[in-house]
Amino acid sequence: MTNARDDSKEKFVDTIFGLRNIIFSQIDLVSDCLKLIIMEKKGLLNLSGAAPEVIKVVVPMIDLVSMSGNSLLKLTEEISLNVRDAFPIVRSLVEGVVNICYIMSLGPEVAAKAERHAEVKAYRDLKRQWNVAGMKVDIEYLGNLSKEDIDRLEAMLPEFTTKGGREKDWTDHNLRQRLDIISRNFSSKSMIMLTGSVFNIYSHASEMTHSTYFSACYFWGLTLPGRPKLSSSKAIELNLLNHQFSLFISTSFAYMGLLECLAQYINRAEFS
C-alpha cells in the first residue's frame with residue numbers, strides 16, 4: 001500500500017510528464033510555423049501582413065527559442081539536480097519569446113534597429129578590451145575589413161553608445177514596457193500567456209543565472225519562512241519536481257503566447 005505522500009508524488013510526476021508532452025507538441029508547432037515563414041521568405045508562400053524586414057530578424061530568434069525548449073527537455077529527462085541549470089535556459093527562452101513578439105508588434109523600424117545593433121555588436125567584438133584589478137586583456141581580430149565597411153560601421157556606433165561611452169542595448173524598453181507594447185498589438189489571450197510566463201519564472205531564473213546566495217536558498221526550498229530543511233531523499237525529490245513543474249509551466253505559457261502572436265501576425269489561425 002502507498003501512503004498519501006507517495007500517491008501525491010505519483011500524481012505530480014504524471015502532471016509533469018503531461019506537460020513535457022505538451023512542450024514537445026508546441027516545439028513541433030513552432031517548427032511548422034517556422035517552415036511556413038521560411039517558405040514565405042523564399043517567395044513560395046504569401047503570408048498576409050508579414051513584413052519581410054521583420055521576418056528576416058525573427059526567424060533566427062524563433063529558431064533559438066525552439067532549441068532552448070529541446071535543451072530544457074533534455075536536462076529534465078530525469079528527476080535530478082540538472083534542473084538547476086534549466087533556469088537560465090528558460091529565462092532566455094521566455095525573454096526571447098517576448099523579444100520576438102515585441103519586434104512583430106513594432107514592425108520594420110524596430111527590426112532594422114535590432115539588425116543594426118547586431119552589426120555594431122559584431123564590429124565591437126573585433127577589438128575587445130578588459131581592464132580589472134590592474135590587469136588588462138586585449139583581443140583583436142587580425143582580418144581586414146574594407147574602408148567602406150569600417151566607415152559605415154563607425155557611423156553606426158553613436159546610436160548604441162551612451163554619452164559616457166558605454167554600450168547601449170538594442171532597445172530602450174525594459175521587459176515590462178515590451179510586454180505593454182505587445183498588449184497593444186496582440187490578443188489578450190497571448191498576453192495572459194506571456195505575462196504569466198514572465199511573472200512565474202523571470203525573477204528567480206535571473207537569480208539562478210547570477211548565482212546569488214538567494215538562488216542557492218531558493219533551489220533547496222529554504223526561502224519560505226519557517227520551512228524546515230529538506231531532510232529526506234523524498235523531500236529533495238519533491239522539491240526538484242516542483243522546480244521542473246515551474247519551469248515547464250513558464251515554457252509552455254511562453255510557447256502558447258508565441259504561437260498566438262505568430263498566428264495573428266502571419267494570419268494563420270491554425271497555430272493559435
Side-chain angles (χ1 to χ4, degrees), residues 15-16 19-20 22-27 29-30 33 54 57-58 60-73 75-76 83-107 110-111 113-114 117 169-212 214-215 217-219 223-224 241-265 271-272:
T15 299
I16 289 172
L19 280 170
R20 285 182 67 85
I22 289 171
I23 292 170
F24 271 119
S25 298
Q26 289 173 325
I27 292 171
L29 270 175
V30 171
C33 193
V54 172
V57 170
V58 300
M61 296 173 71
I62 295 169
D63 200 26
L64 285 183
V65 299
S66 180
M67 291 180 202
S68 293
N70 283 313
S71 297
L72 166 68
L73 294 173
L75 267 178
T76 55
V83 71
R84 188 265 175 217
D85 291 323
F87 277 88
I89 290 172
V90 173
R91 181 189 186 278
S92 172
L93 186 156
V94 168
E95 187 161 8
V97 166
V98 171
N99 288 340
I100 292 163
C101 298
Y102 167 77
I103 291 170
M104 291 191 298
S105 294
L106 294 183
V110 168
K113 186 177 180 181
H117 173 265
D169 206 352
W170 69 283
T171 175
D172 296 325
H173 294 122
N174 63 34
L175 189 64
R176 290 191 184 196
Q177 290 169 331
R178 275 173 267 163
L179 284 167
D180 185 56
I181 288 167
I182 294 167
S183 73
R184 299 176 210 158
N185 295 274
F186 290 108
S187 69
S188 58
K189 178 182 174 182
S190 64
M191 281 310 301
I192 290 170
M193 297 297 105
L194 293 178
T195 303
S197 177
V198 171
F199 179 77
N200 179 58
I201 205 69
Y202 196 83
S203 175
H204 294 92
S206 296
E207 295 287 337
M208 290 287 189
T209 300
H210 297 295
S211 295
T212 63
F214 171 85
S215 73
C217 294
Y218 172 73
F219 184 72
T223 53
L224 292 177
L241 282 169
N242 187 58
H243 287 320
Q244 277 197 21
F245 178 76
S246 184
L247 291 165
F248 286 174
I249 285 291
S250 275
T251 299
S252 183
F253 276 25
Y255 280 143
M256 279 191 274
L258 174 62
L259 289 164
E260 183 74 18
C261 290
L262 279 170
Q264 186 176 334
Y265 186 70
F271 291 110
S272 63

- Task: Go through the steps to decide whether Ile182 and Met104 satisfy the test side-chain contact (heavy atoms from CB on, under 4.5 Å), and finish with yes or no.
- Result: CA-CA 8 Å; Ile182 294 167; Met104 291 191 298; over 6 Å; no
- Ser211 vs Arg84, side chain to side chain donor-acceptor pair (under 3.5 Å): CA-CA, chis, key distance, verdict: CA-CA 10 Å; Ser211 295; Arg84 188 265 175 217; 3.1 Å; yes
- Query: Hey, mind stepping through Thr76 and Ile16 against side-chain contact (heavy atoms from CB on, under 4.5 Å) and telling me if it holds?
  - Reply: CA-CA 10 Å; Thr76 55; Ile16 289 172; over 6 Å; no
- Message: Show, in sequence, the C-alpha distance, side-chain angles and deciding distance for Leu72 and Leu93, and conclude whether the side-chain contact (heavy atoms from CB on, under 4.5 Å) test is met.
- Response: CA-CA 10 Å; Leu72 166 68; Leu93 186 156; 5.7 Å; no
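Applying the salt bridge (Lys or Arg N to Asp or Glu O under 4.0 Å) test to every pair with at least one member in residues 86-96, sequence neighbours left out, gives these pairs: Arg91-Glu95, Glu95-Arg178. For residues 242-261, the set of pairs meeting the ring-ring contact (aromatic ring centres under 6.0 Å, His included) definition, not counting sequence neighbours, comprises Phe12-Phe245, Phe87-His243, Tyr218-His243, Phe219-His243.
Within the 4.5 Å cutoff, the side chain of Leu259 has heavy atoms near those of the Val30 side chain. When side chains are defined from C-beta on, Asn99 counts as touching Trp170, because their heavy atoms get closer than 4.5 Å. Between Ile22 and Ser25, every side-chain heavy-atom pair lies at or beyond the 4.5 Å cut-off. Looking at His210 and Ser215, their side chains never come closer than 4.5 Å, going by heavy atoms from C-beta outward. Between Leu262 and Ile62, some side-chain heavy-atom pair lies under the 4.5 Å cut-off. In this structure, the side chains of Val97 and Ser197 stay at 4.5 Å or more apart for every pair of heavy atoms. The shortest distance between side-chain heavy atoms of Lys113 and Thr171 does not fall below 4.5 Å. At least one side-chain heavy atom of Tyr265 sits less than 4.5 Å from a side-chain heavy atom of Val54.
Side-chain atoms of Gln26 come within 3.5 Å of backbone N or O of Ser252 as a donor-acceptor pair. Proximity of a side-chain donor or acceptor of Ser68 to a complementary backbone N or O of Leu64 within less than 3.5 Å is detected. Checked by atom type and distance alone, the side chain of Asn185 never pairs as donor or acceptor with a backbone atom of Leu106 at under 3.5 Å. In this structure, Gln264 contributes its side chain and Cys261 its backbone to no donor-acceptor pair below 3.5 Å. With hydrogens and angles disregarded, no donor-acceptor distance shorter than 3.5 Å links the side chain of Ser92 to the backbone of Pro88.
Contact record, Ile201 with Ser250: CB-OG, 3.2 Å, taken as the closest heavy-atom pair. Nearest approach of Ser66 to Ile27, heavy atoms of both residues: OG-CG2, 3.5 Å. Closest non-hydrogen pair, Ser246 versus Asn200, comes out as O-ND2, 3.0 Å. In this structure, Leu247 and Ala86 approach most closely via the heavy-atom pair CD1-CB, 3.7 Å. Here the closest heavy-atom approach between residue Gly257 and residue Leu194 is recorded as CA-CD2, 3.9 Å.
Not a single side-chain hydrogen bond (donor to acceptor under 3.5 Å, both in side chains) links Ser105 to another residue, sequence neighbours left out.
Residues Asp180 and Arg176 are not paired through a salt bridge, judged by the lack of any N-O separation under 4.0 Å between the basic side chain and the carboxylate.
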